[in-house]
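Input: a single structure, listed below in structure tokens.
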Amino acid sequence: MKCRKCGETAVINMRQHKLALCEEHFLEWIPQQAQRAIQKYRMFGPEDRVLVAVSGGKDSLSLWDVLLRLGYQVEGLYIHLGINGGGYSDSSLEYVKRFAAAREGATFQVVDLKADYGQSVPELARKTYRGRKPCALCGLVKRHIMNRVAYEGGYDAIATGHNLDDEAAVLMQNTLHWQTGYLARQAPVLPSVGRGSLTEPRLVRKVKPFVRLYERETAAYAIVRGIDYIYDECPHAVGSTTNFYKGLLNQLESRSPGTKLSFYLSFLEARREGLFSGSGEALELNECEKCGQPTSAPGLCAFCRLWVPR
Amino acid sequence: MVKVMFRDKEWELRAGMTIRDAILKVGLDPQAVLAVRDGKLINEATILGNGDTVKLIAVISGG
């Protein structure tokens with residue numbers, strides 16, 4: 001199989017695009033796709049400061065690499081969650097450190113949940129979730145810390161490595177359960193909008209520059225680019241519902257290339273046309289009594305409630 | 001013969017088949033794995049030769 005651009009041996013065939021590319025042209029194509037998404041969805045510009053959430057996985061490290069190559073002003077944020085007695089998080093952090101050490105201009109900061117707040121995610125989950133999987137709690141913790149660091153640091157946007165498979169899996173779950181509120185809010189850009197569609201300065205814009213890339217492509221980019229990433233999944237994510245839906249979508253994709261892309265992009269188009277408008281009520285945001293971050297309910301935000309003794 | 005590895009599993013397959021066929025043969029989804037030979041990513045139409053060792057890498061990983 002030959003590269004469509006130069007005729008050299010292809011390293012990847014993207015059946016949904018009917019496009020096979022060699023190493024050199026694949027390494028050009030990925031940043032082009034990211035740049036296209038950044039511009040199309042108006043994520044950020046060259047003058048903006050972007051905080052990249054990095055986990056040590058292939059998506060976030062590839063995203064960091066691509067944004068550096070594109071010349072954006074980026075800084076990494078690693079949140080140490082204390083997964084697997086701290087072992088999984090320690091390993092993940094090592095990958096982040098090695099990545100940064102090998103690249104000029106790749107600076108990052110670390111927030112350690114246990115050291116800075118007193119408890120790790122598994123410890124919090126045992127207390128508040130009574131042994132259930134801590135994934136929802138982990139998401140809440142990460143969103144809160146990302147927003148706090150971005151706001152306090154004066155960043156214009158938070159970039160995450162979500163890829164099209166992540167988005168399509170969530171879309172499938174939300175569609176099967178007709179979660180219209182979630183469908184209305186699922187987008188490549190989550191703007192800093194609060195009360196009455198006014199800008200809420202304490203809510204930093206979240207963006208997903210890899211939203212049009214398949215997970216297969218972000219993994220391939222990491223391999224071809226020589227990015228060493230944590231290969232083992234988070235132990236809590238093994239067997240997760242999201243991964244189950246990803247598997248189902250990949251089966252559909254194998255039978256009919258382009259299914260995932262079409263599913264997601266058609267949804268975005270339908271959403272743009274107003275098919276999923278939610279309740280129509282403006283989101284009323286309050287200020288958390290403790291941390292000051294925006295919260296939908298009066299009093300403490302969901303993150304600060306986690307730390308209330310029970 | 002061709003050695004195919006995925007996580008802690010190994011298979012011996014006959015030479016002459018494509019990567020895509022090899023992936024299907026061992027019961028995996030070609031969408032869900034990438035193939036690496038001698039440290040290099042190889043495309044799904046690559047024909048495997050005698051003595052090749054191919055490592056399959058799950059695309060869902062990390063993070």
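Note that these values count all heavy atoms, side chains included, but never hydrogens, waters or copies made by symmetry. Quick note on labels: first sequence line is chain A, next is B, and so on, each numbered from 1.
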Against chain B, label [X] side chain, backbone, both or neither, depending on which of its atoms sit under 4.5 Å from a heavy atom there.
{"X": "A:K2", "value": "neither"}
{"X": "A:V224", "value": "side chain"}
{"X": "A:S60", "value": "neither"}

Which atoms of [X] are under 4.5 Å from chain A, going by heavy atoms: the side chain, the backbone, both sets, or neither?
{"X": "B:V33", "answer": "backbone"}
{"X": "B:L41", "answer": "both"}
{"X": "B:R37", "answer": "neither"}

For A:Q109, I'd like to know if atom CD has over 12 heavy atoms of other residues, nucleotides or ligands within 6.0 Å. yes

Result of checking A:E233, A:K58, A:R216 against B:I60 for side-chain contact (heavy atoms from CB on, under 4.5 Å): A:E233

Roughly how far apart are B:E44 CD and A:I12 CD1, rounded to 0.5 Å? 9.0 Å

What one should report as the nearest heavy-atom pair of A:S254 and B:Q31 is OG-CG, 3.4 Å

Determine the option with the most heavy-atom pairs under 4.5 angstrom with chain B, choosing from A:Q251, A:M1, A:E253, A:E217. A:M1

Does the side chain of A:T9 come under 3.5 Å of the side chain of B:N43 through a donor N or O and an acceptor N or O? no

Contact leader toward chain A among B:T46, B:I42, B:L34, where contacts are heavy-atom pairs under 4.5 Å: B:L34

Side-chain donor/acceptor of A:Y231 to backbone N/O of B:A58, under 3.5 Å: yes

